[in-house]
Amino acid sequence: LPLRFDWRDKHVVTQVRSQQMCGGCWAFSVVGAVESAHAIQGEPLEVLSVQQVLDCSYKDDGCGGGSPLNALRWLNKTQVKLVEDSEYPFKAQNGLCRYFSSSQSGVSVKDYTSHDFSEQEDEMARALLTFGPLVVVVDAVSWQDYLGGIIQHHCSSGEANHAVLVTGFDKTGRIPYWIVRNSWGRSWGVDGYAHVKMGSNICGIADSVSAVSV
Amino acid sequence: TWSRSRGRDAAAFRESLRRHRFLNSSPWENTTAFYGVNQFSYLFPEEFKAIYLRSKPAMFPRQPTEMYKPIPNVP
């Protein structure tokens, strides 16, 4: 493993977005992973529609909450093409699912994997290198007040409540950490990102990990 | 939707300041994260949870550990 790796350096991660007053973190994380997987394939980096996932992933509850796993199952099962955000923009509220013709351009999910990587965070780092940014679900209660630095305490595993996207890791310093893209805007944390200590399953970051291929 | 008032905002903010003091004065030696005022400081934790922490966890299978076998002595 390299000492430091961040998919942002490869220009395959879209800008941090804000979910506003919508509980749609699960959709933001999944769409972020699809955007990156698409760009890693050599395609242009496109901002895809979170609203489409919020409205159409029928086992979830849109801005009322959901599960990345349900969204991935839905994307994989239906082979729905995620359209560009400009085509189906974010409204921060639930809406009726819009359908597009098969000729509409978009990105569909070919496959996904979901695993528990607790006590195997080096394997998780390998998965990050192999597949691209990873969707994870963490305990983010104390993230309400986070300003920066490496999160090591004040959260637990087994209490997951917030979906985010791991884009990289950094082991060059005294405390190795995951680089985590959040969906609370760029003014939160470190330009919209959090740094979470690697190796101790902090905040349950390795408990529910999903990777996407497109 | 939460009914907001200046009094409620102020109370949530005061509680946030108390929380920041606690989070920043942890007993661990290796503390590197810092906590303080941000866009969520006017929310009570239960409001914050209700609005922003809406992802449901799922149980996933453990990532299978690779079995490493010793390489036999070969010429």
Side-chain angles (χ1 to χ4, degrees), chain A residues 19 21-26 29 60-61 63-70 114-120 123-124 127 137-154 158-164 174-175 177 184-185 187-189 194-195 197 204 206-210, chain B residues 1-70:
Chain A
Q19 63 186 78
M21 298 280 279
C22 165
C25 58
W26 57 277
S29 61
D60 295 299
D61 187 23
C63 287
S67 147
L69 185 61
N70 283 343
S114 297
H115 279 108
D116 171 353
F117 280 97
S118 51
E119 296 170 35
Q120 298 175 86
E123 286 300 321
M124 181 170 153
V137 189
V138 294
D139 168 23
V141 170
S142 66
W143 294 22
Q144 177 178 2
D145 305 297
Y146 175 73
L147 295 181
I150 304 170
I151 297 169
Q152 303 180 66
H153 310 291
H154 304 305
E159 305 278 342
N161 44 42
H162 183 51
V164 287
R174 192 168 50 90
I175 301 163
Y177 61 86
W184 295 342
S187 60
W188 179 87
H195 296 162
K197 185 185 174 188
D207 282 336
S208 317
V209 181
S210 299
Chain B
T1 307
W2 299 83
S3 58
R4 307 294 313 178
S5 70
R6 286 173 72 90
R8 187 182 172 87
D9 282 356
F13 190 75
R14 280 194 299 275
E15 190 176 315
S16 290
L17 295 180
R18 277 197 294 273
R19 209 169 51 241
H20 301 159
R21 272 197 296 278
F22 164 74
L23 292 168
N24 287 322
S25 64
S26 68
W28 297 287
E29 275 182 21
N30 276 337
T31 301
T32 55
F34 40 99
Y35 301 87
V37 174
N38 65 11
Q39 70 263 46
F40 301 129
S41 297
Y42 291 93
L43 292 175
F44 283 109
E46 59 270 25
E47 294 173 303
F48 175 76
K49 275 183 82 169
I51 299 167
Y52 294 101
L53 306 182
R54 305 298 300 226
S55 185
K56 293 166 194 140
M59 293 296 289
F60 292 161
R62 282 187 71 77
Q63 168 73 6
T65 312
E66 283 183 38
M67 297 296 289
Y68 294 103
K69 291 181 187 164

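Throughout, a chain's letter reflects where its sequence line sits, starting with A, and its residues are numbered from 1. These numbers come from the heavy atoms of this one structure, side chains and all, not from hydrogens, waters or symmetry mates.
Applying the side-chain hydrogen bond (donor to acceptor under 3.5 Å, both in side chains) test to A:D207 and every residue at least two apart in sequence or in another chain returns A:N201. With sequence neighbours left out, B:F13 forms a ring-ring contact (aromatic ring centres under 6.0 Å, His included) with B:Y42.
The OG atom of B:S55 lies 12.0 Å from the CG atom of A:D139; values are rounded to the nearest 0.5 Å. The structure places CG of A:L147 at 8.0 Å from CG of B:N24, a figure rounded to the nearest 0.5 Å. A distance of 10.0 Å separates CD1 in B:I51 from CD in A:Q19, rounded to the nearest 0.5 Å. The CD atom of A:Q144 lies 12.0 Å from the OH atom of B:Y35; values are rounded to the nearest 0.5 Å. Distance check, rounded to the nearest 0.5 Å: CZ of B:R19 to CG of A:D145 gives 4.0 Å.
The two residues B:R54 and A:G64 have their closest heavy-atom pair at NH2-O, 2.6 Å. Contact between B:L53 and A:W184 at its shortest, heavy atoms only, is CD2-CZ2, 3.9 Å. Between B:Y52 and A:H162, the shortest heavy-atom contact is O-ND1, 3.6 Å.
Applying the 6.0 Å contact sphere to NZ of B:K49 captures no more than 12 heavy atoms from other residues, nucleotides or ligands. The environment of CD in B:Q39 is crowded: more than 12 heavy-atom neighbours from other residues, nucleotides or ligands sit within 6.0 Å.
Between B:T32 and A:R174 the shortest side-chain heavy-atom distance falls below 4.5 Å.
Among A:A140, A:S114, A:A163, the residue with the largest count of heavy-atom pairs under 4.5 Å with chain B is A:S114. By number of non-hydrogen pairs under 4.5 angstrom with chain B, the leading residue of A:I175, A:I151, A:L69, A:V137 is A:L69. Note: B:G36 leads B:G36, B:S16, B:P45 in heavy-atom pairs under 4.5 Å with chain A. Counting heavy-atom pairs closer than 4.5 Å to chain B, the top-ranked of the candidates A:W26, A:W188, A:W143 is A:W188. Of the listed residues (A:S208, A:G148, A:G149, A:G65), the one with the most heavy-atom contacts under 4.5 Å to chain B is A:G148.
With a 4.5 angstrom heavy-atom cutoff, A:S29 does not touch chain B via any of its atoms. Only the backbone of A:V209 comes within less than 4.5 Å of a heavy atom of chain B; no side-chain atom from C-beta onward does.
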